[in-house]
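Following: one structure in structure tokens, then a few remarks.
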There are 2 protein chains.
Amino acid sequence: MKATDSRSLHGHVIRELGKRIVVGDLRPGDLLPREEDLAESMAVSRTALREALKVLSAKGLIESRPRVGTRVRATHFWNQLDADVLSWRCASMPTDDFIAKLVEMREIIEPAAAAAAARRRTAAQLAKVEQAYRQMEVARDSEAWAMADLGFHDALLQATGNELMISLFSVIESALGMFFVLSAQTAGDFSYSLPHHLKVLEAIRRKQPEVARKAMQNMIADSLANLHRKRRKSTRKTP
Amino acid sequence: MKATDSRSLHGHVIRELGKRIVVGDLRPGDLLPREEDLAESMAVSRTALREALKVLSAKGLIESRPRVGTRVRATHFWNQLDADVLSWRCASMPTDDFIAKLVEMREIIEPAAAAAAARRRTAAQLAKVEQAYRQMEVARDSEAWAMADLGFHDALLQATGNELMISLFSVIESALGMFFVLSAQTAGDFSYSLPHHLKVLEAIRRKQPEVARKAMQNMIADSLANLHRKRRKSTRKTP
DNA sequence: GCTCGAAATTTATCATACAAACGCGCGGGC
DNA sequence: GCCCGCGCGTTTGTATGATAAATTTCGAGC
């Protein structure tokens, strides 16, 4: 996905205020300073500030009313699935709890996506998945493999033909990508996960939704177990 | 969820332009008129127009660059899960195809949510679900039942403790609500679906994730079958 | 023909002014 | 003494005009 352009001035304001809210520096119910004061304190014009406030308002983070001011809304109003909101949370809140929620979403989507792809894929879409798989087969270094793996999952998502699922997965995946570097998979891994990918591919080719779902579940389970094992072995960052 | 306030001036511009883009009146790649001209054609100041453009930009619908202008982005950049984008699609594109995609998402989320709720619910959260169920039991008119039903699903979602799931469901549900009036369930229905709700509740109480998932799947399947049956009987709006 | 630079156009940002909405307090009526 | 309504002040909403920055385009020079 795309995050708000931080280079532009109001983009910077969006990021700054958005982070402060998501992190909890500004808490729900809190009243922001007057626009004029806030603009001054961030060294931008009121115009630029207001453009930023409008965007944050669209993300459900704040609410402005004449005479009363701008206040932070309750968390249940936030667009939790917004790419920015998600990335701000990821950038600051390294609680395993939140990561677990992201992983849970991934575990829900991907098997369902595999099943949907198996049910509805066109010939062209299947070809794309097959091509991605072949690129995984011939991948030599871990970078090429990571790229091909990404392509496989993307092709699979496209084959579902459901743009809502595609969008959801893309958001979740990019958020997860901020924790687990994609190229973290070392050379030993693909000989490990390649058969899983093959099973998913075969199920999609044969249009067997439930088989595809199960295969994907197995793949995820293995991947997670692998990750945990590695995490335990390597430097433990968890307190 | 909350949609952008249409009463305010820039809110109106957001809705107007957003709809035009989502509907396809303005197609990806199209260049919008200059800000000054566009502002004039919509009878607002350039300030208000720009605030609207910023919001649409945050939703991924458009992209502005100096000297080049503002152009509609490709659909795969759109925040498909944005409440506004979804509602605009619903308000204009009554294709059964899109509804099917929404239903598919719901079918994916709810069983998973039921399972998660069964796995992690606290005592307080269980109490909320039970309370909602009891209100369904005593509901006499269809309006009260619809309200209680909504409460049940909400309590269940809350019990998952995953705000991402809550947000996703809320967005999908409100979009679906634009097609199927919630109170469409007539008196005959709840005696029908109440046992399903009870099974879900029981599974959550006993912390049996897979049982809860299956029960929810059954409930959805019945609900859909019921809907199709009714749709066929009543006036057919489909061409 | 190619390269580099100046110009023109459009968005980005700013400063200022006015309008509208709304809470708050004051004052009058009962 | 208490309630109701009206005016005032504050803050956001909108408008206007000007300037800066970016980037495409076109032309001049080699």
Side-chain angles (χ1 to χ4, degrees), chain A residues 2-18 20-21 26-74 77 84, chain B residues 2-18 20-21 26-74 77 84:
Chain A
K2 53 88 245 257
T4 52
D5 188 4
S6 179
R7 283 160 301 205
S8 70
L9 204 31
H10 73 261
H12 181 256
V13 177
I14 292 174
R15 247 175 68 105
E16 208 58 40
L17 286 179
R20 270 201 241 164
I21 292 173
L26 292 169
R27 301 172 62 177
D30 282 1
L31 205 63
L32 271 62
R34 300 173 44 228
E35 288 181 352
E36 200 173 343
D37 296 347
L38 194 53
E40 187 188 8
S41 77
M42 305 198 87
V44 298
S45 73
R46 203 182 143 215
T47 308
L49 174 74
R50 275 184 58 80
E51 286 178 357
L53 290 183
K54 282 303 161 195
V55 171
L56 293 176
S57 193
K59 294 181 189 303
L61 297 184
I62 61 177
E63 186 180 31
S64 297
R65 295 180 59 187
R67 161 73 206 182
V68 76
T70 302
R71 58 177 66 251
V72 180
R73 297 184 80 183
F77 284 115
D84 287 321
Chain B
K2 54 84 246 259
T4 53
D5 188 3
S6 178
R7 284 161 301 209
S8 69
L9 204 32
H10 71 262
H12 181 254
V13 176
I14 292 174
R15 248 174 67 102
E16 208 57 40
L17 286 179
R20 268 201 243 165
I21 293 174
L26 292 169
R27 302 172 63 175
D30 282 1
L31 204 64
L32 271 60
R34 300 173 47 228
E35 288 183 353
E36 200 173 343
D37 296 346
L38 193 53
E40 187 188 9
S41 77
M42 305 197 87
V44 297
S45 72
R46 207 183 140 217
T47 308
L49 174 74
R50 275 183 59 79
E51 285 178 359
L53 290 182
K54 283 303 164 195
V55 171
L56 292 176
S57 192
K59 294 181 189 301
L61 297 184
I62 60 176
E63 187 180 30
S64 297
R65 296 180 59 187
R67 159 74 204 184
V68 138
T70 302
R71 59 176 66 249
V72 180
R73 298 183 80 183
F77 284 116
D84 287 321

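Chain A is the first sequence line, chain B the second, and so forth, proteins listed ahead of strands; every chain is numbered from 1.
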### Pairwise 5' ranking along DNA chain D for A:V68 and B:L9, keeping only the more 5' one
A:V68

Starting at atom [atom1] of [X], determine the distance to atom [atom2] of [N], rounded to an integer number of angstrom.
| X | N | atom1 | atom2 | result |
| --- | --- | --- | --- | --- |
| A:R50 | D:dT12 | CZ | P | 8 Å |
| B:L49 | C:dT11 | CG | C1' | 12 Å |
| B:E51 | C:dA12 | CD | P | 14 Å |
| A:K54 | D:dT14 | NZ | C1' | 11 Å |
| B:L53 | C:dT10 | CG | P | 15 Å |

### Query
When we call it a touch if two heavy atoms are under 4.0 Å apart, what does A:R65 touch: a base, just sugar-phosphate, or nothing?
sugar-phosphate

Taking the side chain as every heavy atom from C-beta outward, state whether [X] and [Y] have any atom pair closer than 4.5 Å.
| X | Y | answer |
| --- | --- | --- |
| B:M42 | B:L17 | yes |
| A:H10 | A:E51 | yes |
| B:V13 | B:L38 | no |
| B:V72 | B:L32 | yes |
| B:V55 | B:K59 | yes |

### Task
Measure from the side chain of A:P66, starting at C-beta and using heavy atoms only, and say which of D:dT24, D:dG13, C:dC14 lies closest.
D:dG13

### Query
Which of the following nucleotides, D:dT25, D:dT10, D:dT14, is nearest to the side chain of A:R67?
D:dT10

#### Entry: Check: A:D30 side chain, A:R27 main-chain N or O, donor-acceptor pair, under 3.5 Å
yes

### Message
Is there, by distance only and without an angle test, a donor paired with an acceptor across the side chain of B:T47 and the base of D:dT16 below 3.5 Å?
### Response
yes

### Message
On the side chain of A:R46, is there an atom forming a donor-acceptor pair with the base of D:dG13 - under 3.5 Å, no angle test?
### Response
yes

### Message
If the cut-off is 4.0 Å, is B:H10 near the phosphate of D:dT14, judged by side-chain N/O to OP1 or OP2?
### Response
yes

### Task
Using heavy atoms and a sub-4.0 Å distance, could you list which residues of residues 31-45 of chain A are near DNA chain D? By number, please.
A:R34, A:E35

### Summary
Taking every heavy atom of B:G29 against every heavy atom of B:R71, the minimum-distance pair comes out as O-NH1, 2.7 Å

